[in-house]
Amino acid sequence: MAEWISPMLLAIDVGNTHTVYGVWDGSKWAATWRRRTDPADTEDELATWLRGLFDLSGFPWQIEAAICASVVPAANDVLERLGRKWLNTKLRFLRTGADVGIPVLYEPATAVGADRIANALGALAKFEAPIVVVDFGTATTFDVINAKGEYMGGAILPGVIVSSEALFSRAARLPYVDQMRLTPPETAIGKNTVHALQSGIVLGYSGAIDALSRRIVAELGAPANIIATGGLGGMFLGVCETLQSYEPELTLDGLRIALDRMHI
């Protein structure tokens with residue numbers, strides 16, 4: 001069966017903290033942009049922002065198709081109006097595994113976020129199952145796909161930034177360490193407070209990722225491809241012993257594949 005690919009596709013991944021917009025030009029992701037998720041945005045504000053980025057990138061303001069995975073229901077109506085009013089296309093929403101032929105063993109199946117279904121689709125297109133996708137976002141999620149290509153379930157951790165900000169807000173004497181300074185330290189023994197925080201947050205969090213990954217693989221009973229995605233995934237690739245690769249556009253890839261399947 002021939003694959004359907006739009007010459008200019010807009011994929012939108014709405015997360016709790018940020019929304020990622022990706023433009024597919026028929027062969028690659030020509031651009032990806034990140035905007036803070038705000039359900040109070042109007043379709044006109046989003047269109048003005050997005051049109052400006054299209055112009056700066058030299059892209060024609062002409063979208064052939066658009067698809068969205070959203071975990072923020074309050075943002076969906078505005079995005080739907082954006083598609084209808086400004087993009088002149090119907091924005092399609094990926095909602096469940098049943099939409100795209102992914103068997104879901106989670107209970108209930110409809111409780112799995114659309115972004116996690118997109119991750120599974122994107123991963124299955126690039127890697128041999130079993131697969132574990134670790135998505136570093138507001139929450140850090142583990143998506144587990146068994147050898148049959150079924151979405152089994154996974155795990156959810158508070159995200160690294162969420163956890164860090166909770167610590168800083170409750171510990172008056174600890175200095176705030178922003179995301180730019182949350183880098184892997186050379187040693188686990190901190191020589192100053194910032195160094196100690198880097199050790200605890202980055203190395204400690206990586207230990208949690210490794211521990212969960214190993215337990216999941218043991219339960220699968222077979223070796224698995226363990227891949228990272230999400231904003232901070234690249235930072236943990238060289239720190240976590242279990243992560244094998246970083247795929248920053250995995251969710252967008254899954255959305256592109258989802259649109260193909262939804263058109264069939």
Side-chain angles (χ1 to χ4, degrees), residues 1-6 9 11-15 20 22 24 26-29 32 65-71 92-137 139-156 209 212-231 233-234 236-237 240 242-264:
M1 186 175 293
E3 183 180 5
W4 180 89
I5 301 178
S6 166
L9 161 68
I12 306 173
D13 174 22
V14 183
V20 177
W24 178 262
S27 61
K28 65 182 184 303
W29 292 107
T32 58
I67 186 166
C68 177
S70 172
V71 298
R92 305 194 65 157
F93 285 86
L94 171 62
R95 301 187 189 278
T96 68
D99 292 343
V100 290
I102 292 277
V104 175
L105 307 184
Y106 200 81
E107 297 178 2
T110 54
V112 179
D115 56 336
R116 302 180 77 176
I117 297 298
N119 284 344
L121 278 173
L124 284 166
K126 291 188 173 185
F127 300 92
E128 184 177 353
I131 305 167
V132 180
V133 178
V134 186
D135 191 342
F136 292 82
T140 297
T141 58
F142 290 70
D143 300 313
V144 183
I145 304 103
N146 66 19
K148 297 179 181 178
E150 300 168 323
Y151 184 96
M152 294 184 66
I156 302 173
I209 300 299
L212 269 171
S213 296
R214 290 182 178 121
R215 284 176 177 262
I216 288 169
V217 170
E219 291 176 17
L220 283 169
N225 285 301
I226 305 176
I227 59 178
T229 191
F236 283 92
L237 179 62
C240 294
T242 53
L243 294 178
Q244 297 163 2
S245 68
Y246 175 51
E247 305 291 333
E249 294 161 348
L250 187 73
T251 312
L252 297 180
D253 286 335
L255 283 172
R256 181 175 61 85
I257 296 166
L259 186 62
D260 174 37
R261 294 194 179 189
M262 292 162 74
H263 274 75
I264 293 173

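Tyr246 and Gly230 get closest at one heavy-atom pair: OH-O, 2.8 Å. Considering every non-hydrogen atom in both Phe142 and Ser213, the closest pair reads CE2-OG, 3.5 Å. Heavy atoms only, all atoms of each residue included: Gly153 and Tyr106 are closest at CA-CD1, 3.6 Å. Among all heavy-atom pairs drawn from Leu121 and Gly254, the shortest one is CD1-O, 3.6 Å. Residue Ala114 comes nearest to Leu94 through the heavy atom pair CB-O, 3.0 Å, listed as atom of the first residue, atom of the second, then distance.
In terms of the side chain to side chain contact (heavy atoms under 4.5 Å, CB included) criterion, Pro223 has no residue partners (sequence neighbours excluded). The salt bridge (Lys or Arg N to Asp or Glu O under 4.0 Å) test applied to Arg214 returns Glu241, not counting sequence neighbours. The side chain to side chain contact (heavy atoms under 4.5 Å, CB included) test applied to Ala109 returns Val104, not counting sequence neighbours. In terms of the side chain to side chain donor-acceptor pair (under 3.5 Å) criterion, residue partners of Ser70 (sequence neighbours excluded) are, by chain and number, Asn76. Under the rule for a side chain to side chain contact (heavy atoms under 4.5 Å, CB included), the partners of Leu124 that lie at least two apart in sequence or sit in another chain are Ile102, Ala129, Ile131, Ile145. Phe236 pairs by the ring pair (Phe, Tyr, Trp, His ring centres under 6.0 Å) definition with Phe136, Tyr205, not counting sequence neighbours. When the side chain to side chain contact (heavy atoms under 4.5 Å, CB included) test is applied to Val217, the partners found at least two apart in sequence or on another chain are Ala224, Ile226. Residues that satisfy the salt bridge (Lys or Arg N to Asp or Glu O under 4.0 Å) test with Lys28, not counting sequence neighbours, are Asp25.
Annotation: the span from Cys68 atom SG to Leu259 atom CG amounts to 12.0 Å, rounded to 0.5 Å. The OG1 atom of Thr32 sits 7.0 Å away from atom CG of Leu252, with the distance rounded to the nearest 0.5 Å. Here the CE atom belonging to Met152 is positioned 9.5 Å from the CD1 atom belonging to Ile216, to the nearest 0.5 angstrom. Ile117 contributes atom CD1, which lies 13.0 Å from atom CD1 of Ile257 (distance to the nearest 0.5 angstrom).
The shortest side-chain heavy-atom distance between Glu249 and Val20 does not fall under the 4.5 Å cut-off. Counting heavy atoms from C-beta on, the side chains of Phe93 and Ile67 never come closer than 4.5 Å. Counting heavy atoms from C-beta on, the side chains of Val134 and Ile227 never come closer than 4.5 Å. For the pair Ile156 and Thr140, the minimum side-chain heavy-atom distance is 4.5 Å or more. No side-chain heavy atom of Asn225 sits under 4.5 Å from any side-chain heavy atom of Val132.
Remark: the Asn119 side chain and the Thr251 side chain contain an N/O donor-acceptor pair separated by less than 3.5 Å.
The salt bridge (charged side-chain N to carboxylate O under 4.0 Å, His left out) pairs that include a residue from residues 96-112 number zero, where partners must be two or more places apart or lie in different chains. For residues 110-130, the salt bridge (charged side-chain N to carboxylate O under 4.0 Å, His left out) pairs, not counting sequence neighbours, are Arg116-Asp143, Lys126-Glu247, Lys126-Asp253.
Among the candidates Val112, Asn146, Val144, the single residue satisfying the side chain to side chain contact (heavy atoms under 4.5 Å, CB included) test with Leu105 is Asn146.
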